Structure formats: structure tokens, C-alpha cells
Amino acid sequence: MKIASWNVNSVRARLGRVLAWLSEERPEVLCIQETKVVDDAFPAEPFEEAGYVPLFFGQKTYNGVAILSRTTPLEVSRGFGDGEDDLGARFLVAEVGPLWVASVYVPNGREVGSAHFAQKLAWLGRLRAFLERNTSPDQEVLLCGDWNVAPEDRDVWDPEALQGQLHCHPDERAALQHLCGWGLVDTFRLHHEDAGLYSWWDYRRLGFPRNRGMRLDMILASASLARRCVAAEICREARKGKGASDHTVITATFR
DNA sequence: ATGGTTGCTTAGCAA
């Protein structure tokens with residue numbers, strides 16, 4: 001069973017690429033971030049024709065998340081429902097058979113020390129609170145998304161230059177670690193130890209050709225799933241060429 | 001300190 005996650009930077013601009021990748025790889029589930037489209041305009045039909053049932057939670061211009069599943073997903077939640085500002089359409093949860101799957105788009109934070117940065121840290125805390133209220137680490141939980149945090153120095157192209165910068169700040173890493181402390185494992189690191197493996201490369205300054213990137217996208221799994229995780233990959237091919245998202249698609253495969 | 005690129009929307013914002 002293959003699960004995938006992809007920040008597509010506009011689902012309409014990337015539709016052809018996403019459909020081509022789906023037909024090639026046929027994952028059970030694809031979680032999408034940055035759909036950048038209101039629900040009325042989400043391109044549901046092409047995904048249905050490709051054999052997927054889409055759930056989507058979007059807004060105008062920014063953010064937006066979706067879950068595509070080969071079996072009909074049951075929508076569990078849009079946003080945290082905790083009475084606070086969700087900072088846009090960033091969180092969608094569905095049950096897919098026994099799986100409890102979330103598509104997650106963590107706020108960027110914009111600038112270390114800014115109000116947006118504080119909201120990013122708080123958002124990660126609210127996500128943990130949501131898990132505590134709505135599920136259990138004993139369940140089969142998958143959080144798939146763009147975390148906007150590079151968890152360790154080996155996840156960034158120049159850790160010295162980027163030390164303390166956005167995506168690498170100790171407070172962001174601590175917030176992500178606290179979330180994982182609920183009972184989640186970074187599936188990629190179960191299978192790969194090397195530095196220099198990234199999921200995002202800046203469009204500017206030839207980031208991808210120079211492999212100047214960061215690993216910001218992750219599939220986090222609860223213990224019962226982590227035990228059954230037999231592979232995890234970053235699909236660099238999908239970042240190549242004109243018309244690619246600045247993020248590439250990642251996968252985790254479970255026995 | 002700033003720039004570089006992309007997408008949405010149409011000049012400027014967000015990433």
C-alpha cells in the first residue's frame with residue numbers, strides 16, 4: 001500500500017503532471033497541498049476519471065489541501081475546529097478504510113521572530129491538541145504534508161548558512177519534535193540516513209540544478225504503521241523540467 | 001541587505 005504527498009503549488013496549473021504521476025504510480029492515497037482553488041472550481045472530474053475519489057478543502061488564491069483515494073474516503077474534519085483562526089485552508093482529515101489520514105500544510109512563518117512565525121509554532125501545537133482530542137497513537141494515523149520545517153541539519157543544503165533561519169530554527173524543530181512526541185515517526189528516515197536528500201528547491205537561483213534544497217515534506221506515521229513501512233522515497237523526477245512545482249512528491253509504502 | 005522565480009490575479013502578495 002503506497003501513500004503519497006505533494007505540494008503541487010496550484011492543482012490547476014499542475015493537473016497534467018499530477019494525473020500522469022498517478023497513472024504511473026497508482027498510490028492508494030495522494031495528499032495534496034497548496035491547491036490554490038476554491039472548492040467550486042476544484043478539478044474533481046479528471047481525478048475521478050483516473051480512478052480516485054477526491055476530498056478537497058480550499059480557498060481563493062492561497063493554501064488549500066486535498067486527499068485523493070482509490071476507495072471512498074470518509075471526511076472527518078476540515079481545520080482544527082478549536083475556535084482559533086486556522087490561518088487558511090491547511091488541514092483536512094479523512095478515514096480511508098482503517099487509516100486516519102491528514103493532508104497538512106503548515107504555515108510558512110515568513111520571518112523568524114515575526115507574528116507569523118509565532119503563529120506557525122502555535123499551529124503545530126494546535127495540531128497535536130487536535131490529535132489528542134480526535135484520535136490515538138494506537139490507531140493507524142498518517143500525517144502527510146508540507147511541514148515547512150527541515151527537521152535536522154542533514155535536511156538542508158547549507159546548514160551553516162541557514163542556521164537559525166526560517167525552516168531551520170530551533171523553535172520550529174522543537175515544535176515539530178513535540179508533535180512527533182505524540183507518537184509519530186518520519187517514515188523517510190526509517191529507510192534513508194544520508195544528507196542532501198530534499199523535497200523542495202527554490203525556483204530562484206537554480207535551486208534544483210544545484211541541489212540547493214530542503215526536506216520540508218514528510219509522511220509521519222503512528223507506531224503500528226511505522227512497523228509496517230517497507231519503503232519511503234522522494235521522487236525527484238517529478239521536480240524536473242519546465243512546469244514543475246517547487247516541491248516534489250514523496251511516498252511511503254506499507255506492508 | 002537584496003535578489004532571484006512562480007502562480008494567482010491582474011500590481012501586488014505569498015512562498
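This is a predicted model, so every value here is computed, not measured. Just so it is clear: chains get the letters A, B, ... in the order the sequence lines come, proteins before strands, and each one is counted from 1. Values reported hereafter were calculated over all heavy atoms of this structure, with side chains retained and with hydrogens, waters and symmetry mates removed.
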Value in whole Å for how far the C1' atom of dT6(B) lies from CD of Gln33(A): 18 Å
Atom pair distance, as rounded to whole Å: CG in Leu15(A) and C1' in dG7(B): 15 Å
Residue pair Gly183(A) / Pro137(A): nearest heavy atoms and the distance that separates them: CA-CB, 4.3 Å
Nearest listed nucleotide, side chain of Arg12(A), among dT5(B), dT9(B), dA15(B): dT9(B)
Selected nucleotide, minimal atom distance to Ser10(A) side chain, candidates dC13(B), dC8(B), dT6(B): dC8(B)
Proximal nucleotide (of dT9(B), dT5(B), dA14(B)) relative to the Tyr62(A) side chain: dA14(B)
Closest to side chain of Thr61(A), choosing from dC13(B), dT9(B), dA15(B): dT9(B)
Integer-rounded Å distance: dA14(B) P and Arg110(A) CZ: 4 Å
Minimum-distance nucleotide to Arg204(A) side chain [options: dT9(B), dA15(B), dG7(B)]: dA15(B)
Closest non-hydrogen atom pair, Lys240(A) against Phe208(A): CG-CE2, 3.7 Å
Nearest to side-chain heavy atoms of Lys36(A), which nucleotide of dT9(B), dC8(B), dT5(B): dC8(B)
Sugar-phosphate, base or nothing in reach of Arg90(A), heavy atoms under 4.0 Å: sugar-phosphate
Sugar-phosphate only, base, or nothing, as touched by Tyr105(A) at under 4.0 Å among non-hydrogen atoms: sugar-phosphate
Along DNA chain B (nearest heavy atom to each residue), the more 5'-positioned of Lys60(A) and Asp146(A): Lys60(A)
Any side-chain donor near an acceptor of the partner, Lys120(A) and Asn108(A), under 3.5 Å: no
Exercise: identify the closest heavy-atom pair between Phe80(A) and Asp86(A): N-OD2, 3.1 Å
Length of the CD-C1' vector between Gln59(A) and dA14(B), whole Å: 11 Å
Asp186(A)/Arg215(A) salt bridge by N-O under 4.0 Å criterion: yes
Rounded interatomic separation in angstrom, taking CH2 from Trp201(A) and P from dT6(B): 16 Å
Touch class at under 4.0 angstrom, heavy-atom based, for Arg14(A) against every strand present: sugar-phosphate
Earlier contact from the 5' end, DNA chain B, for His247(A) and Ala13(A): Ala13(A)
Value in whole Å for how far the P atom of dA14(B) lies from CD of Glu34(A): 13 Å
Separation of the C1' atoms in dA14(B) and dT10(B), to the nearest angstrom: 15 Å
Asn7(A) CG to dT6(B) P, straight-line distance once rounded to whole Å: 16 Å
d(CG, Asn63(A); P, dG7(B)) in whole Å: 17 Å
Nearest heavy-atom neighbours spanning Ile219(A) and Cys144(A): CG2-SG, 4.0 Å
Nearest-Å distance once atom P is located in both dT9(B) and dC13(B): 15 Å
Nearest-Å distance once atom C1' is located in both dA1(B) and dA11(B): 24 Å
